[in-house]
Colleague: 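One structure is given below, represented as C-alpha cells, and several questions about it will come after.
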Amino acid sequence: LIGPPPHHDIYSIEDLAQLIHDLKNAQPTGEVSVKLVSEVGVGVVAAGVAKALSDHITISGHDGGTGAAAWTGVKGAGLPWELGLAETQQTLVLNGLRDRIKLQTDGQLKTGRDVAIACLLGAEEFGFATGPLIAMGCIMMRKCHLNTCPVGIATQDEELRKKFAGQPEHVMNYFFLMAEEIREIMAKLGYRTMEDMIGQTQHLEVNKRGLHYKSRGLDLSPLLTPASELNPTAGIRNLNTQYHGLDKAKDNVLIEKAREALENGTPVEFDEEINNLNRTCGTMLSYEISKRYGKDGLPDDTIRINMKGHAGQSFAFTLAGGVTMKVEGDANDYTGKGLSGGKIAVFPSQKIIDEQGFVPEDNVIVGNVCLYGATAGKAFFRGKAGERFCVRNSGALAVVEGTGDHCAEYMTGGDLIVLGETGRNFGAGMSGGIAYVYDPEGKFPERCNMGLVGLESIDTVDEKEKVYGFIQEHVDMTGSLVGQRMLEDWDAESKNFVKVFPHDYKRVLEERAAERKSVAA
C-alpha cells in the first residue's frame with residue numbers, strides 16, 4: 001500500500017469504464033488493458049469490460065504468478081487459461097464484441113505447442129514470464145519477496161546480484177526456438193499467418209490417451225465449439241479499435257487555448273463553461289504538458305483556467321504542474337484523482353450564496369473518492385467532500401470544509417486540513433503525511449481510527465504558521481468565510497485543531513532531525 005496508484009476501487013463495470021476513460025485521456029496513444037482471472041463466468045465479465053471500452057483483455061490462468069504467492073493462492077485460485085480463454089472467445093463473438101479488442105492469455109505458456117493451442121482457442125497475444133525467467137537462470141526458489149534470491153534475479157542485495165549470469169541472448173534464443181516450433185505446427189495445419197489461425201478450434205481435439213479414469217467422462221466439446229458457429233456474422237479476431245470519444249473531449253478546446261503556454265511557456269488565462277458530460281477534464285492537457293516538459297510540468301500558474309458549471313467525473317485527473325483549474329459550481333466523484341502537481345479550487349458562486357442563502361460549509365461541493373492517490377499539487381474545496389477523501393494521498397495539500405467517512409485512508413504523505421466535521425474511520429491505515437482537523441467540540445477522537453496514528457495539538461510556532469498559510473491560500477483561492485473567521489482569531493482557533501500524526505512517520509521524522517543535528521554538530 002505504499003506506492004499509491006491512481007486507480008480508484010472498482011465495484012462495478014461503470015467504475016471500470018470511468019477508470020479506462022481516465023487512463024485513455026492520460027495516454028491517448030496507449031492501449032488500456034484489463035487482466036481477468038480465468039474463472040467460470042469470465043466470459044460475461046470480459047463482455048462487460050469490452051463494453052467499458054478496454055482496448056485489450058488478458059485472461060490469466062491459475063498457473064504461474066510470482067514465486068512469492070501464498071500456497072493457498074498457488075494451489076486454489078483460478079482455472080486453467082484454456083477454459084477461461086475458450087469461454088471469453090465464445091462469449092465475445094456471440095455478442096459481436098470480439099473484433100474491437102485484443103485478447104491475450106498467460107499462465108505457464110512454455111512451448112510452441114502452448115502458443116498454438118492458445119491461438120486456436122482465440123488469443124492473438126501471449127504472455128510469458130516463467131519461461132524467459134528460467135532462461136535467465138531462475139531456479140524457482142520461491143524467495144522473490146525475501147530479497148535472498150540465490151541467482152541474483154529478484155534481489156536488491158549487491159552481493160547476490162553479482163551471481164546473476166543471465167544474458168539477453170539466452171532469452172532471445174528461447175523465443176527463436178519457440179517461434180521455430182510454432183512455425184512447424186502452422187505448416188502442418190496449413191496456415192501462413194497467426195492471424196488466420198486465431199479461433200480455429202476445429203483443429204483441436206481431446207487426447208483420449210491423456211485422460212485419467214476420473215476425467216474420461218468429461219465432455220469437452222463445448223470448449224472446442226468454433227465461436228464462428230455461434231455468430232457467423234461477427235469477427236473472431238481483432239479488426240477494429242475502440243472509440244473512446246476523445247475527439248469530442250473538452251480538453252481539445254483547452255489545449256488549443258493554452259497553445260502559447262505549451263509551446264513557449266507563456267502564461268495564459270481564460271474562462272470556460274463546463275458540465276457533467278465533460279469527464280476527466282484537464283487530463284489530455286496534462287498529457288501534452290508531460291510530453292513536452294516531463295513530470296515537473298510548467299512553472300506554477302502558467303495555465304489558469306476559470307470554469308463555471310458542474311464538473312464531470314475525474315475532474316483534473318493527474319493534473320500536471322503549472323495548471324490551475326478553478327470551478328465556480330461543483331464537481332463529481334474522483335475530482336483530483338492522482339493529482340500530479342496542478343492546483344484545483346472548487347467553490348459555489350457568490351450569486352447563489354447571496355440570493356438563495358446557500359451555506360457552503362453545510363453542503364457537499366465535491367463527490368466521493370476525491371484526490372485518490374494524489375502525489376503532488378494543491379486542492380481547495382469551499383464546502384464538504386464526500387466519502388474516502390484523500391485516500392492514498394502521498395504528497396498533495398488538500399483543504400476542505402468537512403468530509404464523509406474513511407477520510408485519509410492509507411495516506412502516506414502530504415498535508416490535509418479539514419475545517420469542519422469528518423465522518424467515521426478517519427485515518428485507517430494512514431502511515432504518513434499529517435492531517436489537521438478542526439474540532440472545537442471534541443467529537444473527532446471517537447471518529448478516528450487509532451490503529452496507526454496519534455492525536456496531538458499544534459504546538460510549535462512554525463507549525464502554527466504553516467497551517468495558517470494553508471488556510472490563507474484556501475481563502476485566497478475560494479473566498480472561504482469559514483477560513484477567514486479562523487484566521488481573524490488564529491491564536492484561539494489554532495488550539496481547536498487536532499493534529500493526526502502517524503506513529504511511524506513521526507519516528508522517521510524524529511530520526512532524520514536527530515541525524516541532521518549530529519551532522520551539524
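Predicted model only: the values in this text are computed from it and were never measured.
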Colleague: Is a side-chain N or O of Asp251 found less than 3.5 angstrom from the main chain of Val253, in a donor-acceptor match?
Modeller: no

Colleague: Think Lys337 forms a cation-pi with Phe317, using NZ or CZ under 6.0 Å from the six-ring centre and within 45 degrees of its axis?
Modeller: yes

Colleague: Testing the basics here: between Gly383 and Val400, what is the closest heavy-atom pair and its distance to 0.1 Å?
Modeller: O-CG2, 3.5 Å

Colleague: Within the distance-only criterion (no hydrogens, no angle test), does the side chain of Tyr174 pair as donor or acceptor with the backbone N or O of Lys110 below 3.5 angstrom?
Modeller: yes

Colleague: With a 4.5 Å heavy-atom cut-off, do Ile198 and Leu103 have their side chains touching?
Modeller: no

Colleague: For the pair Asn275 (side chain) and Gly309 (backbone), establish whether a donor and an acceptor sit closer than 3.5 Å, ignoring hydrogens and angles.
Modeller: no

Colleague: Using only atom types and a distance under 3.5 Å, with no angle test, would you say the side chain of Thr91 pairs donor to acceptor with the backbone of Glu87?
Modeller: yes

Colleague: Decide yes or no for Lys343 and Asp300: does some side-chain heavy atom of the first lie under 4.5 Å from some side-chain heavy atom of the second?
Modeller: yes

Colleague: Side chain of His212, backbone of Lys214: donor and acceptor closer than 3.5 Å?
Modeller: yes

Colleague: Would Asp333 and Val369 satisfy side chain to side chain contact (heavy atoms under 4.5 Å, CB included), going step by step from the backbone distance to the final call?
Modeller: CA-CA 6 Å; Asp333 293 353; Val369 203; 5.7 Å; no

Colleague: Can you find a side-chain donor-acceptor pair between Asp99 and Asn240 that sits under 3.5 Å?
Modeller: yes

Colleague: Would Ile182 and Phe126 count as a side chain to side chain contact (heavy atoms under 4.5 Å, CB included) if you check the C-alpha gap in whole Å, the side-chain angles of each, and the deciding distance to 0.1 Å?
Modeller: CA-CA 13 Å; Ile182 296 166; Phe126 317 93; over 6 Å; no

Colleague: Identify each donor-acceptor pair in which a side-chain atom of residues 320-330 lies under 3.5 Å from a protein atom, sequence neighbours left out, and give them as a table.
Modeller:
from   : atom 1 : to     : atom 2 : distance (Å)
Thr324 : OG1    : Asp301 : OD1    : 2.5
Asp330 : OD1    : His310 : ND1    : 2.8
Asp330 : OD2    : His310 : ND1    : 3.4

Colleague: Please check if atom CD in Glu205 has more than 12 non-hydrogen atoms from other residues, nucleotides or ligands closer than 6.0 Å.
Modeller: no

Colleague: May I ask you to test the His406-Val391 pair for a side-chain heavy-atom distance under 4.5 Å?
Modeller: no

Colleague: Establish, from distance only, whether the side-chain atoms of Glu256 and Asn252 form a donor-acceptor pair under 3.5 Å.
Modeller: no

Colleague: Partners of Leu146 by side chain to side chain contact (heavy atoms under 4.5 Å, CB included), sequence neighbours excluded?
Modeller: Lys143, Thr148

Colleague: Can you tell me if Glu125 and His56 form a side-chain donor-acceptor pair at under 3.5 Å?
Modeller: yes

Colleague: Could you work out, with salt bridge (charged side-chain N to carboxylate O under 4.0 Å, His left out) as the rule, every residue matching Glu31, not counting sequence neighbours?
Modeller: Lys102

Colleague: Are Asn332 and Arg279 close enough that some pair of their side-chain heavy atoms sits under 4.5 Å apart?
Modeller: no

Colleague: When you look at Thr225 and Thr201, which way does the side chain to side chain contact (heavy atoms under 4.5 Å, CB included) test go after all the steps?
Modeller: CA-CA 7 Å; Thr225 303; Thr201 52; 5.9 Å; no

Colleague: Is any side-chain heavy atom of Lys24 less than 4.5 Å from a side-chain heavy atom of Gln242?
Modeller: no

Colleague: Between Glu180 and Arg183, does at least one N-O distance fall below 4.0 Å, as a salt bridge requires?
Modeller: no

Colleague: Counting C-beta onward and ignoring hydrogens, is there a side-chain heavy-atom pair between Thr412 and Arg392 closer than 4.5 Å?
Modeller: no

Colleague: Quick one: does Ser60's side chain have a donor or acceptor within less than 3.5 Å of a partner on Ser38's backbone?
Modeller: no

Colleague: Could you work out, with side-chain hydrogen bond (donor to acceptor under 3.5 Å, both in side chains) as the rule, every residue matching Lys51, not counting sequence neighbours?
Modeller: none

Colleague: Please answer whether the main-chain N or O of Ala227 pairs with a side-chain N or O of Gln89 as donor and acceptor at a distance below 3.5 Å.
Modeller: no

Colleague: Are more than 12 heavy atoms, taken from residues, nucleotides or ligands other than Arg113, located less than 6.0 Å from that residue's CZ atom?
Modeller: no

Colleague: Would the distance check show the side chain of Glu387 and the main-chain N or O of Gly423 forming a donor-acceptor pair, the cut-off being under 3.5 Å?
Modeller: no

Colleague: Hey, are the side chains of Ser314 and Thr283 touching, using non-hydrogen atoms and a 4.5 Å cut-off?
Modeller: no

Colleague: When you check the side-chain N and O atoms of Tyr334 and Asp15, is any donor under 3.5 Å from an acceptor?
Modeller: yes

Colleague: Name all residues meeting the salt bridge (charged side-chain N to carboxylate O under 4.0 Å, His left out) criterion together with Lys384; count only those two or more places apart in sequence or in a different chain, and write none if there are none.
Modeller: none

Colleague: When you measure from the side chain of Asp63 to the backbone N and O of Gly107, does any donor-acceptor pair fall under 3.5 Å?
Modeller: no

Colleague: Set out, in order, the CA-CA distance, both residues' side-chain angles and the distance that settles side-chain hydrogen bond (donor to acceptor under 3.5 Å, both in side chains) for Asn147 and Gln156, then state yes or no.
Modeller: CA-CA 6 Å; Asn147 203 33; Gln156 301 297 314; 5.7 Å; no

Colleague: Using the test side-chain hydrogen bond (donor to acceptor under 3.5 Å, both in side chains), find all partners of Glu181 that sit at least two apart in sequence or belong to another chain.
Modeller: none

Colleague: Could you report the tightest heavy-atom contact between Tyr191 and Asp196, atom names first, then the distance?
Modeller: CE2-O, 3.5 Å

Colleague: Any ion pair linking Arg292 and Glu288 (charged N to carboxylate O, less than 4.0 Å)?
Modeller: yes

Colleague: Side-chain contact, heavy-atom cut-off 4.5 Å: Glu409 with Arg388?
Modeller: yes

Colleague: Taking atom types as modelled, find out whether Asn173 and Glu169 have a side-chain donor-acceptor pair closer than 3.5 angstrom.
Modeller: no

Colleague: Should we say atom CZ of Phe164 is surrounded by more than 12 heavy atoms from elsewhere, each under 6.0 Å from it?
Modeller: yes

